[in-house]
2 protein chains.
Amino acid sequence: MAKRATARDVAEQAGVSKWTVIRAFTPGASITEGSRAKVMAVAEKLNYRPNLLARSLATNLTHQVAVLVDDFENPYKLSFLERLTLELQSEGLVAVLININEHFDHVHALLNADQRQLDAVIMCGTAFRTEMLQDVRLDGAAPMFVLARDSQIPGVPAINCDTTLAIKDLCRHLHEKGYRRPGFMAGPKTLSTALGRRRAFKAFWRAHGITEMPELAAHHYSAASGAEAVRRYLNEVSPAGRVDVLLCENDVLAFGAMDVIRSEFGLKVPIDIAVAGFDNTLFAAAPAYDLTTYEQPVEAMVKATVAMILGREPKKTVTMPGRLVVRGSA
Amino acid sequence: MAKRATARDVAEQAGVSKWTVIRAFTPGASITEGSRAKVMAVAEKLNYRPNLLARSLATNLTHQVAVLVDDFENPYKLSFLERLTLELQSEGLVAVLININEHFDHVHALLNADQRQLDAVIMCGTAFRTEMLQDVRLDGAAPMFVLARDSQIPGVPAINCDTTLAIKDLCRHLHEKGYRRPGFMAGPKTLSTALGRRRAFKAFWRAHGITEMPELAAHHYSAASGAEAVRRYLNEVSPAGRVDVLLCENDVLAFGAMDVIRSEFGLKVPIDIAVAGFDNTLFAAAPAYDLTTYEQPVEAMVKATVAMILGREPKKTVTMPGRLVVRGSA
DNA sequence: AAGTTTTTTGCTACCGGTAGCAAACGCGCA
DNA sequence: TGCGCGTTTGCTACCGGTAGCAAAAAACTT
């Protein structure tokens with residue numbers, strides 16, 4: 001197997017200097033049609049393509065972006081990844097997917113991205129402790145972005161769905177439908193997004209004269225945890241005293257909740273307990289769940305993030321409205 | 001913001017040559033404890049970390065692997081991505097996620113991976129035409145691997161679940177349960193995996209004296225397509241003549257099928273029609289579907305792929321057995 | 001035809017490492 | 001004290017491009 005051709009190889013065969021070869025491949029470079037054609041012919045013959053690694057070293061631009069993900073249980077992540085890769089690729093960038101887990105934490109990932117000279121780091125809904133990231137010393141490192149989650153870190157913009165508006169829309173719908181005993185199922189408490197959604201929820205109902213709002217706590221963002229939280233709740237509370245609608249912090253929790261409500265307690269959704277979620281996962285539309293939920297503006301969020309990476313937009317935290325999706329579950 | 005420190009900066013401050021600095025960071029290099037400590041102290045102070053880009057250029061090794069994905073509708077992909085990134089990262093490699101779509105095809109991706117000098121390319125269940133890839137001239141390019149799909153391309157190993165065995169296991173279970181009027185729902189015909197599963201299915205039932213096997217065709221691997229295929233079928237066939245069990249080529253099709261069977265035709269699963277899938281997606285376990293399915297040995301497949309990439313195992317096509325997952329739907 | 005301007009081409013230096021050879025060093029031993 | 005030997009250090013050359021200046025060539029003036 002022949003070694004790949006370099007600009008020098010092409011130059012020798014074409015009888016020009018390697019810089020002329022480079023120019024033939026540089027759009028807008030100063031070169032005559034004749035030279036360019038001559039170079040291109042040889043390049044074609046030798047199957048030459050510029051080495052992007054060498055270019056990156058010289059220009060300090062890799063056109064690679066780290067995308068950190070820590071939760072592969074939520075199918076919703078897949079749509080984020082799809083749109084994100086699509087958008088990045090359409091701009092000539094490429095996503096380096098980094099799995100954040102107990103063996104490979106954010107600091108690890110950040111150092112790695114730094115050593116690989118990636119152009120930017122997108123934390124795609126990952127759970128991190130602010131202090132942890134503030135301590136990492138990264139001189140001249142890639143700009144960071146927090147996608148689909150709040151950021152308290154100075155200088156690190158967050159690109160988000162407007163949680164307050166979203167929860168208000170959801171709750172208004174539930175209120176109009178006549179529900180008056182709302183419950184909230186929260187995921188792990190540590191996460192800032194969680195707190196935001198919870199706060200907005202409480203604020204809405206309190207403003208409507210309702211003060212009692214049971215809160216169910218799920219330990220992870222998984223259907224199993226959602227199921228467990230509801231199971232615990234329904235076993236503790238008498239049928240008369242239980243909530244008439246349960247707003248879950250995301251669809252996955254809602255799916256777990258519905259499963260238990262229906263198959264373990266024989267209750268009907270939405271008649272006995274209505275359920276709403278957040279994210280509009282693929283499965284939310286399936287008749288088996290038919291979940292009322294809220295859709296984040298994934299495309300707009302992704303576009304905004306990439307625009308900031310490319311420097312087309314100033315780097316700053318933005319929130320944007322999503323869309324209430326009313327279905328049968330509430 | 002200060003520019004990042006290089007080996008030369010450290011060398012100057014430590015009063016040694018840059019090669020000594022490099023050696024301090026090279027495990028097993030010949031260097032005295034004294035020099036190493038001196039270098040490390042300065043490196044720590046300047047926050048120096050070796051530039052992997054420069055290293056890659058010199059060593060011809062990027063420790064980056066392209067992962068091509070073309071179907072973001074199947075939550076199953078997410079588990080593949082999770083395990084794959086996990087395994088790659090544990091070996092010091094990193095995944096470059098490439099979204100294959102109508103604007104960015106396999107050839108595009110391959111050329112891109114080549115120019116970026118990636119160490120390997122994994123086609124993760126992507127649909128490609130063999131001729132298309134054979135024509136790409138890539139001298140000295142990264143080795144390719146086909147994961148979770150067949151490969152007809154010479155020199156390109158496929159790492160697969162043993163389809164024949166899998167379908168046989170599934171069908172044997174269905175046969176033992178007493179089903180005798182089996183139907184098969186296939187995805188897009190062009191894909192080789194599809195053909196394999198279908199062939200195995202037909203072979204099994206024919207061997208058991210059954211020759212009539214309705215085949216429902218879904219145009220995409222999506223719940224909507226599965227739903228549509230079943231809808232068409234049930235509208236055409238009289239209740240007496242319809243299948244008693246439907247084996248779907250994957251879980252997502254099965255979900256769509258179950259949705260229609262239950263909510264549009266008011267039939268019961270598995271009493272009126274049993275349904276089985278393939279993949280054991282997260283949602284297959286949910287009570288709402290409770291789908292009998294077959295689980296591919298994702299971890300083993302991923303490990304085998306990475307082992308080949310690292311050269312620990314010879315590059316060759318392998319198939320490995322998965323696991324029948326019996327649930328309520330069949 | 002010579003002078004001037006503009007375009008094209010070639011060049012040096014550099015990006016930040018690696019490979020492998022040669023010189024310098026340290027150490028034991030005669 | 002000098003020799004031999006292994007270890008440590010420094011060096012040149014290189015990976016394959018980019019940046020920007022200087023020389024050469026082409027085009028335009030007058």
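Every chain is numbered from 1, with letters handed out A, B, ... down the list of sequences.
- At whole-Å resolution of the value, CD1 in A:I22 and P in D:dC15 are 14 Å apart.
- Summarising the geometry, the separation between NE2 on A:H63 and C1' on D:dG17 is reported as 13 Å, rounded to the nearest angstrom.
- Considering only heavy atoms from C-beta on, B:L110 comes within 4.5 Å of B:M144 through its side chain.
- Judged as a side chain to side chain donor-acceptor pair (under 3.5 Å), and not counting sequence neighbours, the contacts of B:T32 are B:S35.
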Taking N or O atoms only and anything under 3.5 Å, show me the protein contacts with nucleotides 7-9 of chain C, one pair per line.
| from | atom 1 | to | atom 2 | distance (Å) |
| --- | --- | --- | --- | --- |
| C:dT8 | OP2 | A:S30 | OG | 3.4 |
| C:dT9 | OP1 | A:T32 | OG1 | 3.2 |
| C:dT9 | OP1 | A:S35 | OG | 2.3 |
| C:dT9 | OP2 | A:T32 | N | 3.3 |

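- A donor-acceptor contact under 3.5 Å is not formed by the side chain of B:W19 with the base of D:dT8.
- Each salt bridge (charged side-chain N to carboxylate O under 4.0 Å, His left out) pair with one or both residues in residues 120-132 of chain A, not counting sequence neighbours, appears once here: A:R129-A:E131.
- Rounding to whole angstrom units, CZ of residue B:R8 and C1' of D:dG10 are separated by 15 Å.
- In this structure, CG of A:L52 is placed 18 Å from P of D:dC15, rounded to the nearest angstrom.
- Residue-level contact check: B:F25 touches neither bases nor backbone, having no heavy atom under 4.0 Å from any strand.
- The ring pair (Phe, Tyr, Trp, His ring centres under 6.0 Å) test applied to A:Y48 returns A:F25, not counting sequence neighbours.
- Axis orientation changes by 50° from one end of the helix from C:dA1-D:dT30 to C:dA30-D:dT1 to the other, with each end axis drawn from 5 pairs and the value rounded to 10°.
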List, with names and distances, any nitrogen or oxygen atoms from the protein found under 3.5 Å away from nitrogen or oxygen atoms belonging to nucleotides 22-27 of chain D.
none

Check: residues 97-105 of chain A side-chain donor-acceptor pairs under 3.5 Å, at least two apart:
| from | atom 1 | to | atom 2 | distance (Å) |
| --- | --- | --- | --- | --- |
| A:N99 | OD1 | A:N101 | ND2 | 3.1 |
| A:N99 | ND2 | B:E82 | O | 3.1 |
| A:N99 | ND2 | B:T85 | OG1 | 3.1 |
| A:N101 | OD1 | A:H103 | N | 2.8 |
| A:N101 | OD1 | A:F104 | N | 3.2 |
| A:N101 | ND2 | A:N99 | O | 3.4 |
| A:D105 | OD1 | A:V107 | N | 3.1 |
| A:D105 | OD1 | A:H108 | N | 2.8 |

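- In this structure, the NZ atom of B:K18 is 10 Å from the P atom of C:dG16, given to the nearest Å.
- What separates CG of A:L46 from P of D:dG16 is a distance of 14 Å, to the nearest Å.
- Around the NE2 atom of B:H220, the shell of radius 6.0 Å holds no more than 12 heavy atoms that belong to other residues, nucleotides or ligands.
- With sequence neighbours excluded, the residues that form a side chain to side chain donor-acceptor pair (under 3.5 Å) with A:K303 are A:E87.
- Applying the side chain to side chain donor-acceptor pair (under 3.5 Å) test to A:D71 and every residue at least two apart in sequence or in another chain returns nothing.
- Taking A:F80 as the reference, A:Y76 meet the ring pair (Phe, Tyr, Trp, His ring centres under 6.0 Å) condition, with sequence neighbours excluded.
- Regarding A:N51, its CG atom lies at a distance of 7 Å from the P atom of D:dG16, rounded to whole Å.
- By the side chain to side chain donor-acceptor pair (under 3.5 Å) test, B:E91 is found to be paired with B:R312, residues two or more places apart in sequence or in another chain being considered.
- Rounded to whole Å, atom P of D:dG16 lies 7 Å from atom CG of B:N60.
- Residues that satisfy the side chain to side chain contact (heavy atoms under 4.5 Å, CB included) test with B:L118, not counting sequence neighbours, are B:T62, B:Q64, B:A66, B:V96, B:A113, B:R116.
- The residue among A:G15 and A:Q117 whose nearest nucleotide of DNA chain C lies closer to the 5′ end is A:G15.
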